[in-house]
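Position 1 is the first residue of the sequence; numbering continues from there.
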Amino acid sequence: MSTGTVIRPGLRRVEHVMGTAVSLDIAEDRSTSELATLADEVFAWLREVDARFSTYRPDSEVCRFDRGELLLSEASADLRRVLERCADLWGATDGFFDAYATGGLDPSGYVKGWAVQVASDRLRAAGVDNHCLNAGGDVRVRGRSSTGLPWRIGVRHPWNPSAVCLVLTGTDLAIATSGVYERGPHVRDPRRGVPARGLRSVTVIGHDLGLADAYATAAVAMGVAGIGWLDRLPAHRHAVVTDDGQCLHSADLPAID
């Protein structure tokens, strides 16, 4: 750190939401009470999303809709929006992003990234230009960190949970990582109906975290063919680790390590 660097006090909070650790870092020089209110609103929204879209809670809206207990006309605006987006993504990925790949409705491959993106957009609308929101590896950064430097985001090494395979840096990035190293082969190839193989980890970098999350999930489902698909994906960059340990990435990846 260079002499004279101004450190903004800001706020950092971590809570367990949506089945993962979610960290919020606001690098703004505001009052303690104002920062606390902003953080409260972020986590209240994420808990609302969890209650509505969790596939592990029988009383969630998505589970009731999947069981036929809730008509589409009776669904919340958020559920209708997510279902519409998942249908669009199914077409955009040639069916490899499939919210029904496991048999029942599971839009999780889009919802987490979308929820974080909405939270970040709300912070930006409230004038919070410098923040980082990280939900289990799905990350939205804007502005600069408390040091005044661009944010540095480590991407977890798929075989070593205590190490990173690369570090990304930037001031306006949506970074989503999908892989089979934490929950096992939970991503399925919807065409063959079997667990996806070939790619151990896929990271997609763009500016909309819901899209990046879905694209990363689709690429994992494609297997090694997903590498070429990612190469052709407009306005996004990527990094992948194959099952045999190869590390491949876009030429213009915003990486410092």
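Taking each heavy atom of Leu35 and Gly10 in turn, the nearest pair found is CD1-O, 3.4 Å. Residues Asn130 and Gly143 come closest through the heavy atom pair OD1-CA, 3.3 Å. Gly170 approaches Val141 most closely through the heavy-atom pair O-CG2, 4.1 Å. Minimum interatomic distance between Ser178 and Val187 (heavy atoms only, all atoms of both residues): OG-CG2, 4.0 Å. The minimum heavy-atom distance linking Cys86 with Tyr110 is given by the pair SG-CB, 4.3 Å. Nearest heavy-atom pair, Thr171 versus Pro150, reported as atom, atom and distance to 0.1 Å: CG2-CB, 4.0 Å.
Side chains of Asp78 and Ser76: no donor on one and acceptor on the other come within 3.5 Å. Side-chain contact of Gln117 with Asp208: a donor-acceptor pair under 3.5 Å is absent, judged by distance alone.
Val14 and Val128 fall into different hydrophobic clusters, defined by Ile, Leu, Val, Met, Phe, Trp and Tyr side-chain heavy atoms under 4.5 Å apart, directly or through other members. Side-chain heavy atoms closer than 4.5 Å link hydrophobic residues (I, L, V, M, F, W, Y) into clusters, and following such links, possibly through other members, connects Leu72 to Tyr100. No continuous path of hydrophobic side-chain contacts links Val82 to Trp90 [ILVMFWY only; heavy atoms under 4.5 Å].
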Side chain to side chain contact (heavy atoms under 4.5 Å, CB included) between Arg85 and Leu211, worked out
CA-CA 9 Å; Arg85 201 69 188 105; Leu211 280 181; 3.2 Å; yes
Would you check, one step at a time, whether the test side chain to side chain contact (heavy atoms under 4.5 Å, CB included) holds for Cys165 with Arg156?
CA-CA 6 Å; Cys165 58; Arg156 190 194 126 163; over 6 Å; no
Side chain to side chain contact (heavy atoms under 4.5 Å, CB included) between Leu248 and Ile227: does it pass, once the steps are laid out?
CA-CA 8 Å; Leu248 308 167; Ile227 300 172; 3.7 Å; yes
The test is side chain to side chain contact (heavy atoms under 4.5 Å, CB included); show your working for Leu11 and Asp25 and say whether it passes.
CA-CA 6 Å; Leu11 169 147; Asp25 194 337; over 6 Å; no
Worked check of side-chain hydrogen bond (donor to acceptor under 3.5 Å, both in side chains) between Ser250 and Asp252:
CA-CA 5 Å; Ser250 302; Asp252 58 345; 4.5 Å; no
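For Arg52 and Glu48, the salt-bridge test passes: some basic side-chain N is under 4.0 Å from an acidic carboxylate O. With respect to Asp243 and Arg200, no salt bridge is recorded, no charged nitrogen being found less than 4.0 Å from a carboxylate O. A salt bridge links Asp40 with Arg13; the closest basic N to acidic carboxylate O contact falls under 4.0 Å.
For the pair Glu41/Leu123, no side-chain contact is recorded, criterion being any heavy-atom separation below 4.5 Å from C-beta on. Using a 4.5 Å cut-off on side-chain heavy atoms (C-beta onward), Leu133 and Val22 make contact. Contact annotation: the side chain of Val240 approaches that of His238 to within less than 4.5 Å [non-hydrogen atoms, C-beta and beyond]. By the 4.5 Å heavy-atom criterion applied to side chains, Trp45 and Val118 are counted as neighbours. Put simply, the side chain of Thr177 does not reach to within 4.5 Å of the side chain of Val202, judged on heavy atoms. No side-chain heavy atom of Ser54 sits less than 4.5 Å from a side-chain heavy atom of Met18. Residues Val167 and Arg152 have side chains in contact (heavy-atom distance under 4.5 Å, counting atoms from C-beta outward).
In terms of modelled atom types and a separation under 3.5 Å, the side chain of Glu61 and the main chain of Leu79 share no donor-acceptor contact. A donor-acceptor pair under 3.5 Å is absent between the side-chain atoms of Arg67 and the main chain of Val62, judged by distance alone. Between the side chain of Glu74 and the backbone N or O of Leu71 there is at least one donor-acceptor pair closer than 3.5 Å. Side-chain atoms of His207 come within 3.5 Å of backbone N or O of Asp172 as a donor-acceptor pair. Not a single donor-acceptor pair under 3.5 Å links the side chain of Ser120 to the backbone N or O of Val116. Side chain of Arg80 to main chain of Ala75: a donor-acceptor pair is present (N/O by atom type, distance under 3.5 Å, no hydrogens or angles). Looking at Ser31, its side chain does come within 3.5 Å of a backbone N or O of Glu34 through a donor-acceptor pair. A donor-acceptor contact shorter than 3.5 Å links the side chain of Ser60 to the backbone of Arg57. Judged by distance alone, the side chain of Thr147 and the main-chain N or O of Leu149 form a donor-acceptor pair under 3.5 Å. No side-chain donor-acceptor contact under 3.5 Å links Ser201 to the backbone of Pro158.
The structure places CE of Met222 at 10.0 Å from CG of Leu199, a figure rounded to the nearest 0.5 Å. Here CG of Leu168 is found 5.0 Å from CD1 of Ile205. Values are rounded to the nearest 0.5 Å. For the atom pair CG of Asp50 and OG1 of Thr20, the computed distance is 11.0 Å after rounding to the nearest 0.5 Å. Atoms SG and CG, on Cys63 and Leu70 in that order, are 11.5 Å from each other to the nearest 0.5 Å. For the atom pair Asp98 CG and Phe96 CZ, the distance stands at 10.5 Å (nearest 0.5 Å). How far CG of Leu24 is from CG of Leu46: 9.0 Å, rounded to the nearest 0.5 Å.
Among Leu166, Thr242, Val241, the one residue that satisfies the side chain to side chain contact (heavy atoms under 4.5 Å, CB included) test with Cys247 is Val241. Among Arg142, Arg144, Arg124, the single residue meeting the side chain to side chain contact (heavy atoms under 4.5 Å, CB included) criterion with Asp129 is Arg124.
A centroid separation of less than 6.0 Å is found between the aromatic rings of Trp114 and Phe53.
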